[in-house]
Amino acid sequence: MTELQKALYRHFGFRSFKKGQEEIINSVLQKQDTIAMLPTGGGKSLCYQLPGYMLEGLVLIISPLLSLMEDQVQQLKAGGEKRVAALNSMLSPNERHFILSNISRYKFLYMSPEALSSPYVLNRLKSVPVSLFVIDEAHCISEWGHDFRPDYSKLGPFRKALGQPPVLALTATATKETLLDVADVLGLEHAVRHLYSVNRPNILLAVENCADTAEKINRIAELAEKLEGPGIVYCPTRKWAEELAAELNEKTGKRTDYYHGGMDSGDRILIQQQFIHNQLDCICCTNAFGMGVNKADIRFVIHFSLPQTAEAFMQEIGRAGRDGKPSVSILLRAPGDIELQQQIIQMESLSDYDLEAILSIIKKAGTREERQLRDVLINGGVQETQARTAVHLYLQGKTSKELLQEELTRRLENKLHKMHRVSALLGRKECIREALLAYFDESYEPDGQSGQCCSSCGIDLSPYEQKGERKNMERFENWKLELDRIFGLRSAGELS
Ligand code: ADP
Ligand code: MG
């Protein structure tokens with residue numbers, strides 16, 4: 001056993017590294033700036049958590065979502081780590097003050113990108129050595145990625161202000177173009193790159209053509225009933241998520257509920273927890289669901305309609321089979337899907353009239369403070385993502401209606417282009433996996449040996465169906481695990 005393997009076992013109870021982890025960790029330990037791509041579920045968190053224990057100082061992690069941060073903090077705490085906290089909008093001023101005034105006591109600090117803009121936070125961070133600056137979901141930096149977050153563009157200057165600590169940028173889904181942006185924004189010209197395949201060989205890729213929506217609904221009911229669960233059905237809109245959940249509850253014996261961004265956070269947390277703890281078999285949701293849902297045994301992901309981008313598709317199907325066991329992704333297509341997706345994308349566009357109103361609100365606000373401007377717009381009835389984008393562009397100098405419209409049109413066209421690309425590659429007659437991987441600049445040769453590939457290569461869904469004796473098997477497995485636990489045959493880490 002190497003020293004690194006010993007440390008892995010000591011801190012996490014794992015006996016071996018997952019593919020790529022050791023190389024990434026070694027690069028981080030040598031204090032090299034590192035850009036790393038590992039597939040969804042590939043174990044990216046460990047790539048900064050283990051070095052955190054071996055380096056002096058604080059590991060600062062930028063994470064785009066509250067649920068992601070909370071999930072990571074909970075996991076570290078469950079593993080016995082007390083020196084961990086998350087700095088985000090959920091904290092009361094007192095809690096926030098406590099963390100910041102005791103900053104030297106922490107080993108891992110998670111932060112939302114929004115927290116970067118506070119000078120107080122920056123000053124407190126300057127008072128401690130930062131051993132590693134981690135950017136999780138680093139594709140959010142790129143304006144051309146699928147999940148752009150304007151606040152991520154401040155990470156470069158922020159890092160500089162902290163005295164240029166070594167960076168680890170992590171992502172599961174980035175094209176070459178996006179990776180170039182990551183390097184550019186963070187000033188990582190000389191970063192070491194560890195890029196591993198985004199392929200998830202244990203996920204079968206199926207595409208099925210239906211005549212219309214009614215046929216899709218019947219097919220989803222059939223699949224939800226038959227397939228081994230639990231599963232997720234991604235829907236194009238909030239309304240569809242709700243309606244489909246009602247249909248499935250009526251048509252199947254599966255416990256189904258819905259989840260989307262329009263629900264209040266209490267309800268969302270409840271549904272998510274029920275799903276994680278196997279009190280629900282199926283979730284019908286929009287793309288708001290998934291990030292930070294740490295559930296290893298999701299067996300199927302169904303797409304009710306086209307995803308918006310290939311990146312989003314990889315992220316969404318990547319929630320299946322994190323335990324490495326065979327899992328299936330099924331996309332249902334019908335005439336009209338592209339038009340529907342087009343409409344959804346175009347709904348985000350703003351008319352000249354909207355833009356005039358936005359500009360007048362911004363100018364009246366009399367500030368250039370990003371967060372304030374955003375709040376003023378949101379309070380004025382502008383949708384949150386639109387407010388974010390408008391303020392970001394305004395502060396970048398797009399201060400007239402014409403300049404804003406030009407930029408927004410460019411973005412809209414990019415989105416439409418990406419949607420058409422993913423539609424084409426999921427609709428092709430030849431190997432779909434090959435096309436998806438080619439999108440991420442990877443070559444792939446179907447070898448016919450590593451299990452089933454995709455519907456173009458030919459598939460058989462029966463191995464993914466629920467077996468009658470499943471319940472008994474489960475009880476048997478639990479009983480075996482219980483004995484192992486009593487006699488200490490497995491480490492705590494392996495059990496978790
Ligand atoms: P992602 O790459 O999607 O961020 P995570 O960091 O959330 O993945 O890890 C996914 C799962 O893999 C977690 O449950 C984690 O505990 C587990 N994991 C990470 N490293 C190892 C390892 N070396 N051996 C076994 N399991 C691991
Ligand atoms: Mg992760």
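Just so you know, ligand 1 is whichever comes first in the structure, and atom 1 is the first atom listed for that ligand.
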Self-check item: Close approach, L38 and ligand 1, non-hydrogen under 4.0 angstrom
Solution: no
Should [X] be counted as touching ligand 1, given the test is an N or O pair under 3.5 Å?
{"X": "L8", "value": "no"}
{"X": "Q21", "value": "yes"}
{"X": "K44", "value": "yes"}

Could you tell me whether a side-chain N or O of [X] sits under 3.5 Å from a main-chain N or O of [Y], the two making a donor and an acceptor?
{"X": "Y234", "Y": "L331", "value": "no"}
{"X": "R428", "Y": "S456", "value": "no"}
{"X": "Q341", "Y": "L306", "value": "yes"}
{"X": "Q386", "Y": "E348", "value": "yes"}

If the cut-off is 4.0 Å to any non-hydrogen atom of [X], which atoms of ligand 1 fall inside it?
{"X": "S45", "answer": "5 (P), 6 (O), 7 (O)"}
{"X": "F17", "answer": "23 (N)"}
{"X": "S16", "answer": "22 (C), 23 (N), 24 (N)"}

Practice problem: Determine, step by step, whether Y110 and L76 satisfy the side-chain contact (heavy atoms from CB on, under 4.5 Å) criterion, reporting the C-alpha distance in whole Å, the side-chain angles of both residues, the deciding distance to 0.1 Å, and the verdict. | Solution: CA-CA 12 Å; Y110 287 83; L76 279 170; 3.8 Å; yes
For [atom], state which one of [options] supplies the nearest heavy atom.
{"atom": "atom 12 (O) of ligand 1", "options": "K18, Q75, E137", "result": "K18"}
{"atom": "atom 8 (O) of ligand 1", "options": "G43, G20, G13", "result": "G43"}
{"atom": "atom 15 (C) of ligand 1", "options": "F14, Y48, Y9, F12", "result": "F14"}

Quiz item: Below 4.0 angstrom, N of the basic side chain to O of the carboxylate: do R149 and E114 qualify?
Solution: yes
Quiz prompt | Greater than 12 external heavy atoms within 6.0 Å of M54's CE | solution = yes
